[in-house]
Amino acid sequence: MSREFLPGQVIAYPYLWAWQQERGETEGRKRRPTCVVVAVKGANDGLTHLVLLAITTQPPQRGRVALDIPDIERRRAGLSELKRCWIVVDEYNYDVAERSWYIEPGHDILGRFSKAFVMKIATAFAKARLSGRRVDRLD
């Protein structure tokens, strides 16, 4: 896989929620818009390590941390058909692009958030990360 991933890109990905993993599920129930918040080429392995955040149309539940995605950012990300949506920053999926069962070679990018909004996402993610839930998608 030679495609480059960049922070702020939105891809379709079968995101596995932490509550699903806790129930023993191993597959996301559906492909959903997911934001690449971190994309790093490993110095030792040359592989693309990804941290992915779910985008949902459901308002965040009490005690969860999510950012409301402004209209202009929804359009940039290819999500203009959604009236309102949030990016969940207190849990994430970790995957390696070249070894992923879920990322297809040549898979299209839905869109990309602006640099300013990506910084807002990264800041919220970093704060939430201290108590965040990680779901590894490596089989």
Side-chain angles (χ1 to χ4, degrees):
M1 177 179 302
S2 61
R3 191 182 79 186
E4 181 180 11
F5 288 89
L6 300 170
Q9 285 178 332
V10 176
I11 62 173
Y13 184 83
Y15 189 88
L16 179 65
W17 294 99
W19 66 267
Q20 291 172 327
Q21 185 184 46
E22 290 165 6
R23 288 184 176 179
E25 295 180 39
T26 59
E27 304 288 327
R29 294 181 180 177
K30 67 177 185 177
R31 295 178 71 76
R32 68 172 51 255
T34 307
C35 178
V36 176
V37 71
V38 176
V40 177
K41 282 275 190 195
N44 295 329
D45 60 14
L47 299 175
T48 308
H49 300 262
L50 302 173
V51 174
L52 305 161
L53 302 178
I55 296 172
T56 181
T57 58
Q58 299 300 311
Q61 295 176 345
R62 183 178 207 131
R64 297 302 307 265
V65 183
L67 298 176
D68 192 357
I69 302 174
D71 185 52
I72 192 166
E73 294 296 340
R74 284 196 313 274
R75 287 195 306 269
R76 287 179 178 140
L79 305 171
S80 56
E81 75 282 357
L82 304 177
K83 291 184 179 185
R84 191 162 184 200
C85 57
W86 292 262
I87 183 164
V88 178
V89 297
D90 65 351
E91 74 171 69
Y92 63 97
N93 281 194
Y94 166 76
D95 207 343
V96 176
E98 294 83 357
R99 295 183 178 163
S100 179
W101 292 94
Y102 311 104
I103 298 173
E104 298 291 327
H107 188 68
D108 291 332
I109 303 296
L110 301 177
R112 187 171 181 202
F113 293 124
S114 70
K115 229 181 230 189
F117 193 61
V118 171
M119 291 305 297
K120 186 175 181 176
I121 295 167
T123 300
F125 173 69
K127 286 180 184 175
R129 173 70 182 94
L130 298 174
S131 61
R133 294 170 276 216
R134 170 179 167 162
V135 176
D136 289 325
R137 297 302 299 271
L138 305 174
D139 298 317

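Values below: every heavy atom of this structure, side chains too, minus hydrogens, waters and symmetry copies.
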*In Å and rounded to the nearest 0.5 Å, what is the CG to CD1 distance from Leu82 to Ile69?*
8.5 Å
_Given 3.5 Å as the limit, does a donor-acceptor pair link the side chain of Arg74 with the main chain of Lys83, or not?_
yes
*Say whether, by atom type as modelled, one donor and one acceptor occur between the side chain of Gln20 and the main chain of Trp17 under 3.5 angstrom.*
yes
*Picking from Leu79, Val88, Thr34, what satisfies side-chain contact (heavy atoms from CB on, under 4.5 Å) with Ile55?*
Leu79
*asked:* Checking Phe117 against Ile72 for the side-chain contact (heavy atoms from CB on, under 4.5 Å) test, could you report, in this order, the C-alpha distance in whole Å, the side-chain angles of both residues, the deciding distance, and whether it holds?
replied: CA-CA 10 Å; Phe117 193 61; Ile72 192 166; over 6 Å; no
*For residues Glu73 and Ser114, report the shortest heavy-atom separation together with the two atoms involved.*
OE2-OG, 2.6 Å
_Minimum heavy-atom separation for Val96 and His49, please, with both atom names._
CG2-ND1, 3.7 Å
*Out of curiosity, Leu50 CG to Ile11 CD1, how far, rounded to the nearest 0.5 Å?*
6.5 Å
_Would Val37 and Val89 count as a side-chain contact (heavy atoms from CB on, under 4.5 Å) here? Give the steps._
CA-CA 10 Å; Val37 71; Val89 297; over 6 Å; no
_Pro14 and Glu27, any side-chain heavy atoms less than 4.5 Å apart_ = no
*asked:* Given 3.5 Å as the limit, does a donor-acceptor pair link the side chain of Arg31 with the main chain of Ala12, or not?
replied: yes
*Kindly assign one of parallel, tilted or perpendicular to the pair Tyr102 and Tyr13, based on the angle between their ring planes and the thresholds 30° and 60°.*
perpendicular
*Roughly how far apart are Leu67 CG and Cys85 SG, rounded to 0.5 Å?*
11.0 Å
_Residue list, side-chain contact (heavy atoms from CB on, under 4.5 Å) with Arg84, at least two apart or on another chain_ = Asp68, Trp86
*Identify whether the distance between the nearest side-chain nitrogen and carboxylate oxygen of Glu4 and Lys41 falls below 4.0 Å.*
no
*For the side chain of Asn93 and the backbone of Tyr15, is there at least one donor-acceptor N/O pair under 3.5 Å apart?*
no
*What are the two closest non-hydrogen atoms of Gly8 and Cys35, and how far apart are they?*
CA-SG, 4.0 Å
*With sequence neighbours left out, write down each residue that passes side-chain contact (heavy atoms from CB on, under 4.5 Å) with Val40, or none if nothing qualifies.*
Val38
*To the nearest 0.5 Å, tell me how far Arg64 CZ sits from Thr56 OG1.*
10.0 Å
*What are the two closest non-hydrogen atoms of Gly63 and Asp90, and how far apart are they?*
O-OD2, 4.1 Å
*Side-chain heavy atoms under 4.5 angstrom apart, residues restricted to Ile, Leu, Val, Met, Phe, Trp, Tyr: same cluster for Trp101 and Ile103?*
yes
*Indicate the atoms forming the closest heavy-atom contact of Gly46 with Glu98, along with that distance.*
O-OE2, 4.3 Å
*Cluster check Val51, Met119: I/L/V/M/F/W/Y, side chain < 4.5 angstrom*: no
*Rounded to the nearest 0.5 Å, how far apart are CG of Asp95 and OG1 of Thr48?*
10.5 Å
*asked:* Does anything in residues 111-125 form a salt bridge (Lys or Arg N to Asp or Glu O under 4.0 Å)? List the pairs, not counting sequence neighbours.
replied: none
*Atom pair CG/CD of Leu16 and Gln21 - distance to nearest 0.5 Å*: 5.5 Å
